[in-house]
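Notes to accompany the following structure.
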Amino acid sequence: MKKISIILVAFWLMSVQQVLAQYTRMTNLPTIYIETFDGWGIWSKEDYKLCRMYYVDENDLVTAYDSVSIRGRGNSTWNMSKKPYKIKFNQKEKFLGKGYAKAKKWTLLANAGDKTMMRNAITSLMGEFTTLKFNPAAKFVDLYLNYEYLGTYQISDQVDVRPHRVNITEQPYPITDDTDISGGYLLEVDGFRDGNCFTSSTFSAPVRIHYPEDDEIDSKQTAYIRSFINNKFEKALISANFDDPEVGYKAYVDTTSLLDWYLCTEISANIDGFYSTYFYKEQGNDHLFWGPLWDYDIAYNNDYRVQNDMGHSSSVNKLMVDIAYTGSKAWVIRMWKDDWFKKAVYRRYQELLNQGLVDYMHAKVDSLSELLQQSQELNYEKWGINRRMYHEVVLYSSYDQYVSDLKQFITEHCQYLTEAFFNRLPDEPIPPFAPENFYYHIVNAKTQKAADLDGDLVVQMVNNNEKEGQDWEIQAIGSHFRLLNRLTGKALNDPTEGEVGPTTNVGTQLNTVEPDEHSESQQWDIIAQGNEGHFNLLNVYTQHIVNLNGGSSNDYTALLSYTNDEKNATSTNRLWYLIKNGELPEPVDTIPNDTIPNDTIPVDTIPTDTIPNDTIPDGIEHFMEPADYALAYNPQTKTLHFGSATPELLTFPVRIFNTSGRLVGMFRADEQYSMETCPKGVYIATWNVGGRTRSVKFKR
């Protein structure tokens, strides 16, 4: 009997191995094989059908699941020929492995109306880029149902309450008189009004209660969350003092998640973003939290029902708060009347841009495109690459064209949003720029890099507070300003030649030249933009704006003399921070000017009795640290120079100031410096050697 049993077990194992061997991957993606017990297809969204499932992972390991259930899912998407499904295991499974939920229910998204098949996935990744906590999984697979290839699908989380999904407090079932029913609740503004749904009393938002689930929720819980939405949140939102942070709507919302959820809706241009809005309430917390992001397949300009001002299907220059379908939109429209919300949206959006949001999303699109290349080819052999499945705006003949179209939309729409959010900022007087007694770094609003020198040319480099080439002194010249570089003493200059005007002859790289307070090419207007500390630098002569070439983040990118138009306030290439970086040296004025002869006079008394007086030529001042050296000014040649028996030690920088304390020039001690271009008057030369500062006055 034992021998027969062993043979039977071996035969069974061999049979299992033979069965599993027939399930192989079709592409680089995992492949799922689903076989219904009755051999028929899936025709219902309500009734589950028993099936077997075989999952072939990236390493060709086959995992068999028995007694799995499957049904249809979705609303509009269920009516498409490539249909989405929901699967339910007999017990909780860690289906996607470590770091993902352990759950019975999972979704198989068809992404049929999205030719890139990645809009839902990149939106979830965008959520990860922000502060949003719960972002649905996105695992792509090839799917077979009853031996028929169905195409490329996306495994994603069912939006429900559990660890690694919406991880809020789970209430006991059944509740008791002592149960804290203040949370958690998973809610959705659901335009389809499915399930346990009520209409809010003030804004008529259809609010669906997802958790507690329909078959477990108690009437006390329903009454509690309904009252919280109606009598706290909406009552505060509609009140006369709705914008008050203590008693207005902000007392009942988590503003961090609110801003990021709303911005993700606008960045993705999701026309369904308010029609289906998930949010939740935690136990013991009187705030509503926003997310997760869900159902973005018609976002990113993928719905021809959206019309622009020219009658074309495009959402590139549209705000969803203006054109999206109703639902939670009424709440957001009210919030837009709050000056705090206007500023917070603009500020948070600029933060995301400065953190590299656009480059991040482009990189994710490229990565997913590469991942899906093999699978999408099979998918579109079945479904057709240029066949309209839903409301696609454009139809192309290749997958790569759809991907390029998506990336272009992200770029153009994100540029538009800066302008749109800026235009909604509250009108507030912006004080004119007034320079203080500091050096400034000129830092680009997009790259966070500073204006620096490459020879005499002006470029951007990594912001470094220790680099004197990035320090600029800003001097008032009448009603304009002159910007002098601390390292060279030269002035920021627009060298554009020929016909000039706000939009003509643009693109010349800025440089620095010897200061000339009469040159309008060296004079600038500093124009405040918005409330975020941004400025434009406008050249008085050319009427051009300082622009970072191409918005590149690379070091040595040129600063250009560029077009001056309505984009000044919104293009981050033209917006700059002026950041203080160390105080200017105090002006030296210890000897009355009328006592200064034409040659050099020391500011402080320097002992010179170690050097015979008859060896000191006229016009030279001697110093003794650590070796003898002398500074001389020649009134005939109008030059400054040092003399020393050890010239190799003359490596320190020397700065020349006028009597108002403004830097007019700089040279190294082993060089000559001409004062020819400086107007007549009194000047101070100052330098530092061995930790001691030396200053000398002379007349020009």
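Because the structure is predicted, anything quoted here is derived from the model rather than measured.
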K49 meets the side-chain hydrogen bond (donor to acceptor under 3.5 Å, both in side chains) criterion, sequence neighbours left out, with D38
Partners meeting side-chain hydrogen bond (donor to acceptor under 3.5 Å, both in side chains) with Y399 (sequence neighbours left out):
none
Is the Y211 to Y280 ring centre distance short of 6.0 Å?
no
Going by ring pair (Phe, Tyr, Trp, His ring centres under 6.0 Å), name the residues that satisfy it together with F140, two or more places apart in sequence or in a different chain.
none
Under the side chain to side chain contact (heavy atoms under 4.5 Å, CB included) test, which residues partner T130, sequence neighbours left out?
L132, D260, C264, R348, L352
What about the rings of Y278 and H210, do their centers lie closer together than 6.0 Å?
yes
In chain order, what residues pass the ring pair (Phe, Tyr, Trp, His ring centres under 6.0 Å) check against Y402, with sequence neighbours excluded?
Y396
For Y252 and H287, I'd like to know if the aromatic rings sit close, meaning centre-to-centre distance below 6.0 Å.
no
Got a sec, which pairs hit salt bridge (Lys or Arg N to Asp or Glu O under 4.0 Å) with one end in residues 264-290, sequence neighbours left out?
K232-D286
Side-chain polar contacts of residues 99-109 - donor-acceptor pairs under 3.5 angstrom, sequence neighbours left out - could you list them?
from, atom 1, to, atom 2, distance (Å)
W106, NE1, A103, O, 3.1
T107, OG1, S156, O, 3.0

Do N302 side-chain atoms and D297 backbone N/O form a donor-acceptor pair below 3.5 Å?
yes
In terms of ring plane angle, is the pair Y185 and Y224 parallel, tilted or perpendicular, where the classes change at 30° and 60°?
parallel
Note, D400 side chain near Q373 side chain (heavy atom, < 4.5 Å)
yes
So that I know where these two stand, are F279 and F289 an aromatic pair - ring centroids less than 6.0 Å apart?
no
Under the 3.5 angstrom rule, does the side chain of S227 hit a backbone N or O of N231 as a donor-acceptor pair?
no
Identify all side-chain donor-acceptor contacts of residues 241-250 below 3.5 Å with residues at least two apart in sequence or on another chain.
from, atom 1, to, atom 2, distance (Å)
N241, OD1, S239, OG, 3.2
D244, OD1, E246, N, 2.7
D244, OD1, V247, N, 3.2
Y249, OH, D338, OD2, 2.9
K250, NZ, D243, O, 3.0
K250, NZ, D338, OD2, 2.7

Those residues that, when tested against R226, pass side-chain hydrogen bond (donor to acceptor under 3.5 Å, both in side chains) (two or more places apart)
none
I'd like to check the ring pair (Phe, Tyr, Trp, His ring centres under 6.0 Å) partners of Y300; sequence neighbours left out, ordered by chain and number.
none
Quick one: list whatever passes side-chain hydrogen bond (donor to acceptor under 3.5 Å, both in side chains) with T202, sequence neighbours left out.
none
Is there a side-chain contact between H362 and T411 (heavy atoms, below 4.5 Å)?
yes
Under 3.5 Å: donor-acceptor pair, side chain of H413, backbone of V316
yes
Between N379 and L150 the two heavy atoms that sit nearest each other are OD1-O, 4.4 Å
Would you please name every residue forming a ring pair (Phe, Tyr, Trp, His ring centres under 6.0 Å) with H391, sequence neighbours left out?
Y304
Hey, would you say the F233 and W331 ring centroids sit under 6.0 Å apart?
yes
Please evaluate residues S276 and E188 with respect to the criterion side chain to side chain donor-acceptor pair (under 3.5 Å), reporting the C-alpha separation (whole Å), side-chain torsions for both, the decisive distance (0.1 Å), and the verdict.
CA-CA 7 Å; S276 173; E188 179 191 8; 2.7 Å; yes
Indicate yes or no for a side-chain donor-acceptor contact from Q401 to the backbone of S397 under 3.5 Å, with no hydrogens or angles considered.
yes
Angle between ring planes, Y262 versus F421, binned at 30° and 60°: parallel, tilted or perpendicular?
tilted
Determine, for W78 and R73, whether the Lys NZ or Arg CZ falls below 6.0 Å from the six-membered ring centre while staying within 45 degrees of the axis.
no
